[in-house]
Structures are given as C-alpha cells and as structure tokens.
Amino acid sequence: QVPLVESGGGLVQAGGSLRLACAASLRTFSAYVMAWFRQAPGKERDFVAVISGSGSMVDYADSVKGRFTISRSNVENTVWLQMNSLKPEDTAVYYCAAGGSLARSRAFYSTWGQGTQVTVSS
C-alpha cells in the first residue's frame with residue numbers, strides 16, 4: 001500500500017485554479033506534519049506549503065502566499081492544496097510529503113508521494 005497518493009493535477013490556463021489532494025495511508029495521520037513541494041524541470045524540489053498535525057499552523061513559500069491554501073482532514077486522512085491565480089511559473093510536479101517537524105527543508109520529510117503534474121499555460 002502506497003503511503004501517499006497525490007491527485008488533481010492537470011493543465012490549466014494562467015489565472016485558473018486547481019485543487020490537489022494527497023490521500024495518506026499512514027497510521028496516526030494526525031501525528032504527521034504534511035507538506036507540499038514542487039519540482040520544475042531541471043530545478044530543485046522546492047517547498048510550497050506545510051501544515052501541522054492539528055491543522056492549526058501553516059506556512060507558505062513567499063511565491064505562493066496569498067494564492068495557495070493548504071488544509072487537511074484527519075478524519076479523511078487527506079491533505080489538500082488549493083491553488084488559485086495560477087501562473088506559468090507554477091508549472092511543476094507537485095509532491096506531498098509527511099514528516100515530524102514544521103519545516104521547509106526536504107530533509108525533515110521521510111515519506112513522499114509519487115507526484116502529480118501541474119501545467120499552467122500562458
């Protein structure tokens with residue numbers, strides 16, 4: 001059983017919206033900090049957003065602040081990334097990750113999904 005499975009990616013025009021989902025098969029899901037990262041071709045995998053286990057604390061990369069919203073349900077074992085006002089530079093493979101600390105560094109996350117492609121056309 002794959003621990004994290006992302007869905008919801010696709011092709012959208014600039015200014016549009018997408019909602020990504022990450023379904024988790026993790027014991028005690030609420031104990032995990034959940035994050036979204038993204039990786040554009042030829043670039044590093046970068047932090048996008050993170051949410052604490054309870055959902056009470058969030059953090060965003062400056063490049064997405066005010067446009068993206070991370071949320072979670074500890075009943076549905078799912079974390080979402082609502083992406084609005086999308087720009088061509090948001091084009092990337094988006095990954096969800098599970099870890100133990102509210103951190104922006106990839107090093108703090110031990111479990112990763114397979115990724116979902118988001119393409120924003122101009």
Side-chain angles (χ1 to χ4, degrees):
Q1 195 173 20
V2 179
L4 300 174
V5 179
E6 301 97 333
S7 62
L11 174 63
V12 64
Q13 287 189 331
S17 298
L18 281 175
R19 190 190 196 203
L20 306 183
C22 174
S25 302
L26 297 170
R27 293 179 62 185
T28 60
F29 175 70
S30 61
Y32 289 90
V33 169
M34 299 298 296
W36 288 94
F37 288 77
R38 66 186 181 185
Q39 188 167 19
K43 295 191 176 181
E44 297 277 319
R45 190 172 298 189
D46 292 331
F47 167 76
V48 175
V50 62
I51 188 167
S52 62
S54 66
S56 62
M57 292 185 289
V58 296
D59 186 28
Y60 297 94
D62 288 345
S63 59
V64 306
K65 202 170 291 184
R67 299 188 298 123
F68 291 10
T69 303
I70 189 170
S71 61
R72 68 187 293 160
S73 166
N74 289 339
V75 173
E76 298 179 60
N77 282 17
T78 301
V79 60
W80 295 275
L81 185 69
Q82 178 66 44
M83 305 186 295
N84 298 329
S85 302
L86 282 162
K87 304 175 182 179
E89 52 263 44
D90 294 318
T91 295
V93 177
Y94 283 70
Y95 298 88
C96 73
S101 300
L102 202 73
R104 294 187 172 198
S105 170
R106 297 193 306 268
F108 286 88
Y109 298 90
S110 57
T111 304
W112 293 81
Q114 83 289 349
T116 186
Q117 176 70 47
V118 171
T119 303
V120 184
S121 63
S122 57

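As the structure is a computational prediction, the values presented were derived from the model and not from experiment.
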Inset, instruction - Identify the two heavy atoms, one from Ala14 and one from Pro88, that lie closest to each other, and give their separation to 0.1 Å. - result: CB-CD, 4.1 Å
Legend entry - Joint cluster assignment, Val79 & Leu102, ILVMFWY side-chain distance < 4.5 Å: no
Legend entry - Rounded distance (nearest 0.5 Å) linking atom OH of Tyr94 with atom OG of Ser7: 15.0 Å
Inset, instruction - Indicate yes or no for a side-chain donor-acceptor contact from Arg72 to the backbone of Ser52 under 3.5 Å, with no hydrogens or angles considered. - result: yes
Inset, instruction - Nearest 0.5 Å please: distance from the CD1 atom of Ile70 over to the CG atom of Asp59. - result: 9.5 Å
Inset, instruction - Measure the OG-CG distance between Ser63 and Asp90 for me, rounded to the nearest 0.5 Å. - result: 7.0 Å
Legend entry - Minimum heavy-atom distance between Ala98 and Leu26, given as atom pair plus value: CB-CD1, 3.8 Å
Legend entry - Ser122 OG to Lys87 NZ distance, which is reported to the nearest 0.5 Å: 14.0 Å
Inset, instruction - Please check if Met83 and Ile51 belong to a single hydrophobic cluster, counting links between Ile, Leu, Val, Met, Phe, Trp and Tyr side chain heavy atoms closer than 4.5 Å. - result: yes
Legend entry - Donor-acceptor pair, side chain of Arg104 and main chain of Tyr60, under 3.5 angstrom: yes
Inset, instruction - Work out which heavy atom in Phe68 is nearest to a heavy atom in Val48; give both atom names and the distance. - result: CD2-CG1, 3.8 Å
Inset, instruction - Please list all pairs passing the ring pair (Phe, Tyr, Trp, His ring centres under 6.0 Å) test where one or both residues lie in residues 97-122, with sequence neighbours left out. - result: Phe37-Tyr109, Phe37-Trp112
Inset, instruction - Mark yes when over 12 heavy atoms from residues, nucleotides or ligands other than Lys43 sit less than 6.0 Å from its NZ; otherwise mark no. - result: no
Legend entry - Thr78 side chain to Glu76 backbone, donor-acceptor under 3.5 Å: yes
Legend entry - OG-CZ distance between Ser73 and Phe29, expressed to the nearest 0.5 angstrom: 7.5 Å
Inset, instruction - Find out if a path of hydrophobic residues (ILVMFWY) with successive side-chain heavy-atom gaps under 4.5 Å connects Val50 to Trp36. - result: no
Inset, instruction - Check each of Thr119, Val120, Thr91 against Leu86 using the side-chain contact (heavy atoms from CB on, under 4.5 Å) test, and report the only one that passes. - result: Val120
Inset, instruction - Supply the atom-to-atom distance Leu18 CG to Thr116 OG1, rounded to the nearest 0.5 angstrom. - result: 9.0 Å
Legend entry - Ser54 side chain vs Ser56 backbone, donor-acceptor pair below 3.5 Å: yes
Inset, instruction - Determine yes or no for a side-chain-to-main-chain donor-acceptor pair under 3.5 angstrom, with Arg106 supplying the side chain and Arg45 the backbone. - result: yes
Inset, instruction - Would you kindly confirm whether Val58 and Leu81 end up in one hydrophobic cluster when ILVMFWY residues are joined by side chain heavy atoms under 4.5 Å apart? - result: yes
Inset, instruction - Please examine the side chains of Arg38 and Val64, heavy atoms only from C-beta on, and report whether any two atoms are closer than 4.5 Å. - result: yes
Inset, instruction - Could you tell me whether the side chain of Asn74 and the main chain of Gly53 form a donor-acceptor pair under 3.5 Å? - result: yes
Inset, instruction - Please name the pair of heavy atoms, one in Gly9 and one in Leu20, separated by the smallest distance, quoted to 0.1 Å. - result: N-CD2, 3.6 Å
Inset, instruction - Identify the heavy atoms of Leu4 and Ala24 that sit nearest to each other, and give their distance. - result: CD2-CB, 3.6 Å
Inset, instruction - Would you confirm whether Glu6, through its side chain, and Gly115, through its main-chain N or O, come within 3.5 Å as a donor-acceptor pair? - result: yes
Inset, instruction - Would you check if the side chain of Arg67 reaches a backbone N or O of Ser85 as a donor-acceptor pair within less than 3.5 Å? - result: yes
